[in-house]
Amino acid sequence: MHLNWAGNLTYSARTVVRPASLEELADVLTAGGPVRALGSRHSFNDVADTDGVHVQVDGLDDGRPAVEPLTGDDGAEGDVVSVNAGLRYGEVSRALHATGRALGNLASLPHISVAGAVATATHGSGDTNQSLASAVEGLEIMTPGGELRRITRASDPDVFPGTVVSLGALGVVTRVELRTVPAYLVRQDVAAEVPWDTFVASFDAITSAAYSVSAFTSWDEPAVRHVWFKSVARADRPEVRGLAPDFLRWSDVPVHPLPGVDPSACTEQLGVDGPWHERLSHFRLEFTPSAGDEVQSEYLLPRRNAAAAIEAMRRLGPTVAPLLQTSEIRTVAADDLWLSPFDEPSVGFHFTWLPREDEVRAVLPAVEQALVPLGARPHWGKVSTLDAPTTTAMFPRFDDFRRLAARFDPEGRLHGGLVGRLLAS
């Protein structure tokens, strides 16, 4: 028996294997029966589940460096690196920074695996920052038949957008090719108790005031508890268009996203410059991520509906607040990936719940009834009560993805858990 990271889900798999080579992985996949890849177990639903064999590739040695710069046609190293799919983002980030390179963005946790985050369209924040999957330039996938395939944006433009956010339905990803940029510095400043009227009226100005912006609330508070501004190459605190320079009240002590929790696990704040990978995530790699004992949900919707969605959630404050540890509002730029919820500029409403899943599931329909009419779609790896037909209907290219999955996995051996329900709907 094995559990997900939060302990709210017991996987159905009869065994977990960690192949040490591509040959061993091929043997596992060609042995027959249900099989699924498993990453850092940070999904809160059964998107990665199977009643057969779970495969983890974090120990796979394919004879190449775990983080390998790729060369162009001229033999020179370019801006793309190939990484072991089972590595955590924190590990990849440290290796990249040591070479003077960086990723464009990170999620709130550096502890999540690259392949798992990419496959579920996991994201950070920032008006101009796309999801983590959008940094992918190529993938190496071993199909259930044991065939190792490399699919890239350049060479496979027709199917590439369907293979990145794939929910693990195409095979076991062994390597991910990521676009990088030169390393950069980031400072983090936190504004406290931002009035709701100001936050809504100045939403665009606030979220564009820094490279990455996150707002934290429990929805029943008289003001937005904290707004975290992560700025690149600034000497001073960010300025918000339309607000007086002294309007925002800046925190002079570090804070945690969860009220009252010791912030020592969080990345450094108070405007101190630091490497990108030690600021863009909310939490330090060397500390236990977030609270641990929790359940998470998230809904992604068009940015143009942000104000209406905020007002709808504020009306639900008395309903959701008793079960919330915190809620986070983030913005995400659009991309072209078939199963990405970000087909236009978007806003995400994230909920970190107390570990009382039955009670959470009882209030989620009210949240979904408020947000779905505004275009909300659930995060693939988090808890919702929307059924499979409703969810697949939210993605215009899902039928194309279903056909692509049938090409890679004609016997349906990867159809476990949520993925099986989605593909059968």
Side-chain angles (χ1 to χ4, degrees), residues 1-13 36 38 40-51 108-109 112 116 120-123 167-168 216-220 257-258 289-301 309-310 312-330 339 341 347-395 415-425:
M1 181 181 77
H2 59 296
L3 305 175
N4 67 340
W5 170 77
N8 72 305
L9 176 71
T10 300
Y11 290 112
S12 305
R36 293 275 294 167
L38 184 67
S40 54
R41 309 186 190 196
H42 201 264
S43 291
F44 294 80
N45 61 16
D46 62 346
V47 68
D49 205 9
T50 178
D51 59 5
S108 59
L109 294 173
I112 54 178
T120 53
T122 295
H123 60 96
L167 313 181
F216 293 94
T217 178
S218 293
W219 295 111
D220 64 340
L258 278 59
S290 193
D293 198 10
E294 62 194 55
V295 175
Q296 293 183 10
S297 301
E298 187 173 31
Y299 299 91
L300 301 315
L301 60 144
I310 290 169
M313 284 308 309
R314 290 190 66 199
R315 290 192 292 272
L316 286 174
T319 300
V320 301
L323 290 171
L324 272 177
Q325 299 193 54
T326 195
S327 186
E328 181 178 7
I329 304 170
R330 292 178 284 182
L339 295 194
V347 60
F349 286 49
H350 187 276
F351 303 86
T352 300
W353 306 100
L354 294 167
R356 291 148 55 180
E357 188 167 347
D358 289 345
E359 294 173 74
V360 169
R361 287 184 175 276
V363 303
L364 281 179
V367 174
E368 291 160 353
Q369 289 164 17
L371 298 183
V372 169
L374 298 173
R377 291 178 274 195
H379 187 291
W380 292 115
K382 301 183 189 293
V383 174
S384 85
T385 63
L386 298 171
D387 62 21
T390 300
T391 302
T392 58
M394 296 172 168
F395 292 84
H415 290 198
L418 175 62
V419 170
R421 297 191 298 275
L422 293 168
L423 292 174
S425 65

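Taking the six-membered ring for Trp and thresholds of 30 and 60 degrees, Trp353 and Phe351 have nearly parallel ring planes, at less than 30 degrees apart.
For the atom pair CG of Leu167 and NE2 of His415, the computed distance is 11.0 Å after rounding to the nearest 0.5 Å. In this structure, CG on Leu339 lies 11.0 Å from OG1 on Thr120, to the nearest 0.5 angstrom. Atom OG1 in Thr50 sits 10.5 Å away from atom CG in Leu38 (nearest 0.5 Å). With rounding to the nearest 0.5 Å, the separation of CG in Leu364 from CD in Glu357 is 9.0 Å.
The nearest pair of heavy atoms linking Ala6 to Phe44 is CB-CE2, 3.4 Å. Of all heavy-atom pairs spanning Pro378 and Thr391, the tightest one is CG-CG2, 4.1 Å. In plain terms, the two heavy atoms of Tyr299 and Val383 that are nearest each other are OH-O, 3.9 Å. Taking every heavy atom of both residues into account, Pro257 and Thr326 meet most closely at O-OG1, 3.1 Å. Nearest approach of Val347 to Ile329, heavy atoms of both residues: CG2-CG2, 3.7 Å.
With sequence neighbours excluded, the residues satisfying side-chain contact (heavy atoms from CB on, under 4.5 Å) with Thr217 are Trp196, Trp219, Glu221, Ser327. Remark: Arg315 engages no residue in a salt bridge (Lys or Arg N to Asp or Glu O under 4.0 Å) (not counting sequence neighbours). In this structure, Glu368 has no salt bridge (Lys or Arg N to Asp or Glu O under 4.0 Å) partners at least two apart in sequence or on a different chain. Applying the side-chain hydrogen bond (donor to acceptor under 3.5 Å, both in side chains) rule to Ser384 yields no partners; only residues at least two apart in sequence or on another chain are considered.
A salt bridge (charged side-chain N to carboxylate O under 4.0 Å, His left out) check over residues 42-51, counting only residues at least two apart or in different chains, returns the pairs Asp46-Arg421. Among residue pairs with one or both ends in residues 372-385, those qualifying as salt bridge (charged side-chain N to carboxylate O under 4.0 Å, His left out) are Asp343-Arg377; sequence neighbours excluded.
Taking the side chain as every heavy atom from C-beta outward, Glu359 and Leu354 never approach each other to under 4.5 Å.
The closest side-chain donor-acceptor pair between Glu298 and Gln296, if any, does not fall under 3.5 angstrom.
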